Asker: 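Dumping the structure here so I can ask a few things about it.
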Amino acid sequence: MPAYEKLDDRDTSQIESSTPRRRRRQSVCSFEGASPEIERVRQLVDQVATTEANVLILGESGTGKEIIARIIHRKSLRADKPFVPINCGAIPRDLLESELFGHEKGAFTGAITSRAGRFEMAEGGTLFLDEIGDMSPDMQVKLLRVLQERTYERVGGGKTQHADVRIVAATHRNLQERIRKELFREDLYYRLNVFPIEMPALRERVEDIEALVANMVRRLENERGVFTLSDNALAALHNYHWPGNVRELSNLVERLRILNTGDLVRAKDLPSQFRDSPVTEINKNVTNDIDTLLTPEDLIARLEMPSEGVNLKQVIASIETHLIRQALDEAGGVVAKAAKILGLR
């Protein structure tokens with residue numbers, strides 16, 4: 001873990017340094033936790049980092065795909081060279097070619113000087129192509145040519161330049177579905193998809209939420225102080241669907257620190273969407289009144305299935321977590337005594 005926790009304090013290039021420092025601090029939080037899902041990602045990163053293989057990072061928006069790309073670069077043999085990111089979906093299609101390959105003076109209206117592109121800036125290092133699934137078909141053809149021949153030309157120029165860069169791409173889109181719809185080239189997909197890594201959604205690793213929150217709070221300590229979550233607040237976060245993933249959790253933590261002046265955040269202090277999710281509704285009586293429950297029958301009697309359905313794994317995990325915390329509190333933190341209360345060894 002320490003090798004991952006300290007990455008946000010190290011800059012490997014002038015390009016990387018230009019990324020807002022606060023954004024990198026929040027992004028590195030994505031790697032906190034010890035769930036099987038995030039441990040699998042760490043293992044894949046360690047396996048591919050020191051190779052020259054192209055990497056395709058898949059996952060929903062907000063899961064931390066860019067931080068994986070940065071870690072791969074920093075653990076690679078190219079770590080002393082630039083890490084250059086570019087969001088292919090955020091740049092107009094008529095400007096993307098110039099952004100990637102650069103242009104010569106007078107190449108088009110407004111090109112008053114020559115300019116290096118991202119491939120040239122990343123020479124010897126890593127080029128991170130974020131949101132590659134949003135790249136236009138004509139640009140996909142030009143990118144494929146560079147990946148095949150390892151050469152390119154500036155827009156409006158005739159000099160061939162060699163491209164010694166490692167490609168790490170990322171997307172939240174289903175590229176195979178886009179291939180079927182003829183929106184993404186199959187040959188480019190196979191060029192990029194040498195080593196795929198899928199970043200799990202936060203709802204698939206809810207057991208990491210406590211560690212993620214603790215890390216985020218520590219990173220805000222100098223700005224706004226620290227706070228902790230009550231058991232009920234943590235249970236509510238476990239039960240939420242997290243469409244915005246770790247980015248949404250980071251925003252929530254910052255919001256809670258601004259709105260709450262105390263050291264403890266309770267479930268009632270959370271925004272309504274976190275208190276009123278379908279999974280929270282099914283077990284809110286259990287998490288609020290657990291002290292009075294003595295038998296499994298008592299627990300079952302309090303559960304009601306909402307019409308929207310539930311994530312059974314999250315419900316069970318939430319109940320387990322709350323009961324274990326209650327037992328540990330009752331036992332004064334003595335694990336053996338808590339296990340006896342719970343009927344465990």
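Because the structure is a prediction, the values reported are computed rather than measured. All residue numbers in this chain count up from 1 along the given sequence.
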Asker: Is a side-chain donor-acceptor pair under 3.5 Å present for Thr63 with Asn245?
Answerer: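 On atom types as modelled, these side chains do not qualify, holding no pair under 3.5 Å.
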Asker: Show the nearest heavy-atom pair for residues Glu198 and Val41, with the distance to one decimal.
Answerer: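 Residues Glu198 and Val41, closest heavy atoms: O-CG2, 3.7 Å.
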Asker: With a 3.5 Å distance limit and no angle check, can you tell me whether Arg247 reaches the backbone of Ser61 through a side-chain donor-acceptor pair?
Answerer: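 No; judged by distance alone, with no hydrogens or angles, the pair does not exist.
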Asker: When you check the gap from the basic side-chain N to the acidic O, do Glu60 and Arg203 get nearer than 4.0 Å?
Answerer: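 Counted as a salt bridge, because a side-chain N and a carboxylate O are separated by less than 4.0 Å.
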Asker: Which side-chain N or O atoms in residues 82-90 pair as donor and acceptor under 3.5 Å with protein atoms at least two apart or in another chain?
Answerer:
| from | atom 1 | to | atom 2 | distance (Å) |
| --- | --- | --- | --- | --- |
| Asn87 | OD1 | Gly89 | N | 2.9 |
| Asn87 | OD1 | Ala90 | N | 3.2 |

Asker: Linking I/L/V/M/F/W/Y whenever any side-chain heavy atoms sit under 4.5 Å apart, do Tyr190 and Leu143 land together?
Answerer: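 In one cluster with Tyr190: Leu143, yes.
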Asker: Got a salt bridge between Asp164 and Arg150, using NZ or NE/NH1/NH2 to carboxylate O under 4.0 Å?
Answerer: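 Between Arg150 and Asp164 there is no salt bridge, as every charged N stays at least 4.0 Å from the carboxylate O atoms.
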Asker: Determine whether a donor-acceptor pair (N or O, by modelled atom type, separation under 3.5 Å) exists between the side chain of Arg178 and the backbone of Gly133.
Answerer: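 Side chain of Arg178 to backbone of Gly133, a donor-acceptor pair under 3.5 Å: yes, one is there.
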Asker: Mind checking the NZ-CD1 spacing from Lys65 to Ile68? Nearest 0.5 Å is all I need.
Answerer: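 The NZ atom of Lys65 sits 8.5 Å away from the CD1 atom of Ile68.
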Asker: Would you call Arg42 and Glu39 a salt bridge, taking side-chain N to carboxylate O under 4.0 Å as the test?
Answerer: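 Salt bridge flag = yes for Glu39 with Arg42.
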Asker: List for me each residue that meets salt bridge (charged side-chain N to carboxylate O under 4.0 Å, His left out) alongside Asp231, sequence neighbours excluded, and say none if there are none.
Answerer: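 Testing Asp231 for salt bridge (charged side-chain N to carboxylate O under 4.0 Å, His left out), a comparison that skips the adjacent residues, returns Arg325.
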Asker: Taking atom types as modelled and ignoring hydrogens, do the side chains of Arg255 and Asn251 form a donor-acceptor contact shorter than 3.5 angstrom?
Answerer: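 Short answer, no.
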Asker: Quick one: do Leu95 and Leu129 end up in the same hydrophobic cluster if we chain Ile, Leu, Val, Met, Phe, Trp and Tyr together by side-chain heavy atoms under 4.5 Å apart?
Answerer: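 Yes, Leu95 connects to Leu129 through the hydrophobic network.
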Asker: Verify whether one side chain among Ser230 and Asn232 offers a donor that lies under 3.5 Å from an acceptor in the other.
Answerer: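 Looking only at side-chain atoms, Asn232 and Ser230 do not form any donor-acceptor pair under 3.5 Å.
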Asker: Testing the 3.5 Å rule here: is there a donor-acceptor pair between the side chains of His162 and Thr151?
Answerer: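 Short answer, no.
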Asker: Using a strict 4.0 Å threshold on nitrogen-to-oxygen distance, state whether Glu153 and Lys159 make a salt bridge.
Answerer: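 Looking at Glu153 and Lys159, the cut-off is not met.
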